[in-house]
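Written out below as structure tokens is the structure these notes cover.
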Amino acid sequence: MMEHDIQEVLFSQEQLDRRVSELAEQINRDYADKEILLVSVLRGSFIFMADLARKITRPCRIDFMSVSSYGKGTSSSGQVQITKDLSEDISGLHVIVIEDILDSGNTLSYLLRILEQRHPASIRLCTLLDKPDRRKVEVAVHYSGFTIPDAFVVGYGLDYAERYRNLPYIGILKPEVYS
């Protein structure tokens, strides 16, 4: 059972829902007169983005990218690959990149540089989780859900070896599960 692999629940389903609502309200205010493009960084952010998108009242479009720097491990390899690119041209669009977790900063720094070269009207980052203790590359975060300790977290879209994404909360994975 997956729940037995969780050391501690960091954020309950209710806490996640409340914080996602607050982030959506902030985005609605910031983009009061603009249409936005939400770009989900797959796979970890798909649940977060789905919940966030349903709470955004501004006209918005949705697209997906997939980048990888983890493989099957628990820490970033530092080598970033785009494994699925956007379906549309973003030039002139107001883009909000939706990410599950900002860890080392390597992946998001690379991704944001690539997207900026495509000439969007604006580009901002919205991350559900920020883990500053692991930061190697500074990345500007415009919308952040929660700051978390340096622990391996799963649930609400986040995984370990493609498991635990479907947990309705975010929890710390017991070290014996991944060591």
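Just so you know, these numbers come straight off a predicted model, no measurement behind them. Residue numbers count from 1 along this sequence.
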(request) Could you tell me which non-hydrogen atom of Ile62 sits nearest to which non-hydrogen atom of Met49, and how far apart they are? (result) CG2-CE, 3.0 Å
(request) Not counting sequence neighbours, which residues clear salt bridge (charged side-chain N to carboxylate O under 4.0 Å, His left out) with Asp133? List them please. (result) none
(request) Output, in order, the C-alpha distance, side-chain angles, deciding distance and verdict of side-chain contact (heavy atoms from CB on, under 4.5 Å) for Leu129 and Val153. (result) CA-CA 10 Å; Leu129 303 176; Val153 294; 3.9 Å; yes
(request) Kindly give the heavy-atom pair with the smallest separation between Asn28 and Thr57, and that separation in Å. (result) OD1-N, 2.8 Å
(request) State, with a plain yes or no, whether a side-chain heavy atom of Ser109 is found less than 4.5 Å away from one of Glu138. (result) no
(request) For Pro132 and Ile148, work out which heavy atoms get closest and say how close. (result) CD-O, 4.0 Å
(request) Check the side chains of Asn166 and Tyr156 for a donor-acceptor pair under 3.5 angstrom, ignoring hydrogens and angles. (result) no
(message) Rounded to the nearest 0.5 Å, what separates atom CG in Leu115 from atom CG in Leu111?
(response) 4.5 Å
(message) Looking at every non-hydrogen atom in both residues, tell me the closest pair between Leu167 and Val154 and how far apart they are.
(response) CD1-CG2, 4.3 Å
(message) Working to the nearest 0.5 angstrom, can you tell me the gap between Phe64 CZ and Leu42 CG?
(response) 6.0 Å
(request) Output the distance between atom OG1 (Thr147) and atom CG (Leu102), rounded to the nearest 0.5 Å. (result) 9.5 Å
(message) Could you report the tightest heavy-atom contact between Ser122 and Tyr31, atom names first, then the distance?
(response) OG-OH, 4.1 Å
(message) Check whether Asp63 reaches the backbone of Ser87 with its side chain - one donor and one acceptor, N or O, closer than 3.5 Å.
(response) yes
(message) Could you go through Val95 and Arg124, starting from their C-alpha distance and side-chain angles, then the distance that decides it, and tell me whether this counts as side-chain contact (heavy atoms from CB on, under 4.5 Å)?
(response) CA-CA 6 Å; Val95 176; Arg124 292 190 174 175; over 6 Å; no
(request) Evaluate the salt bridge (Lys or Arg N to Asp or Glu O under 4.0 Å) criterion for residues Lys136 and Asp103: first the C-alpha distance (whole Å), next the side-chain angles of each, then the deciding distance (0.1 Å), finally the verdict. (result) CA-CA 8 Å; Lys136 293 180 181 171; Asp103 195 330; over 6 Å; no
(request) Work out which heavy atom in Arg61 is nearest to a heavy atom in Glu35; give both atom names and the distance. (result) CD-OE2, 2.9 Å
(message) For a 4.5 angstrom cut-off between non-hydrogen side-chain atoms, does Leu10 reach Glu8?
(response) yes
(request) Enter the distance from Leu128:CG to Tyr143:OH here, rounded to the nearest 0.5 Å. (result) 15.5 Å
(request) Please confirm whether the backbone N or O of His4 pairs with a side-chain atom of Lys174, one donor and one acceptor, at under 3.5 Å? (result) yes
(request) Show your reasoning for whether side-chain contact (heavy atoms from CB on, under 4.5 Å) applies to Ile114 and Val67. (result) CA-CA 12 Å; Ile114 294 295; Val67 294; over 6 Å; no
(request) Could you tell me whether the side chains of Thr127 and Ser144 share a donor-acceptor contact shorter than 3.5 Å? (result) no
(message) Aromatic contact between Tyr169 and Phe11, with the criterion being ring centroids under 6.0 Å apart: yes or no?
(response) no
(request) Go through the steps for Tyr164 and Val177 under the test side-chain contact (heavy atoms from CB on, under 4.5 Å), then give the verdict. (result) CA-CA 12 Å; Tyr164 308 100; Val177 174; 3.5 Å; yes
(request) Describe, in one word, how the ring planes of Phe152 and Tyr160 are oriented to each other, choosing from parallel (under 30°), tilted (30 to 60°) and perpendicular (over 60°). (result) perpendicular
(message) Assess the residue pair Glu22 and Arg19 against the criterion (salt bridge (Lys or Arg N to Asp or Glu O under 4.0 Å)); give the C-alpha distance rounded to whole Å, side-chain angles, the decisive distance to 0.1 Å, and a yes or no.
(response) CA-CA 5 Å; Glu22 292 167 356; Arg19 187 64 183 127; 3.0 Å; yes
(message) I'd like to know if Val137 and Val41 are part of one continuous hydrophobic network [Ile/Leu/Val/Met/Phe/Trp/Tyr, side-chain heavy atoms within less than 4.5 Å].
(response) no
(request) Tell me yes or no: between the side chains of Lys55 and Ser21, is some donor less than 3.5 Å from an acceptor? (result) yes
(request) Would you indicate whether the side-chain heavy atoms of Ile98 and Leu52 approach each other to under 4.5 Å? (result) yes
(request) Can you measure from NE2 (His94) to SG (Cys60) and round to the nearest 0.5 angstrom? (result) 13.5 Å
(request) Please check if the side chain of Glu116 supplies one atom and the backbone of Arg113 the other of a donor-acceptor pair under 3.5 Å. (result) no
(message) So does Gln13 get a backbone contact from the side chain of Asp17, meaning a donor-acceptor N/O pair under 3.5 Å?
(response) no
(request) Ignoring hydrogens and angles, tell me if any N or O in the side chain of Ser91 forms a donor-acceptor pair with the backbone of Arg118 under 3.5 Å. (result) no
(request) Report yes if some heavy atom in the side chain of Met65 is under 4.5 Å from a heavy atom in the side chain of Asp85; otherwise report no. (result) yes
(request) Indicate yes or no for a side-chain donor-acceptor contact from Lys131 to the backbone of Ile101 under 3.5 Å, with no hydrogens or angles considered. (result) no
(message) If I take atom CD1 from residue Ile96 and atom CD1 from residue Ile36, how far apart are they, to the nearest 0.5 angstrom?
(response) 4.0 Å
(message) Quick check against the 3.5 Å criterion: does Arg58 have a side-chain atom that pairs as donor or acceptor with the backbone of Ile27?
(response) no
(request) Flag yes if more than 12 heavy atoms outside Arg43 fall under 6.0 Å of its CZ atom; otherwise flag no. (result) no
(request) For the residue pair Phe146 and Asp130, establish whether any side-chain heavy-atom pair is separated by less than 4.5 Å. (result) no
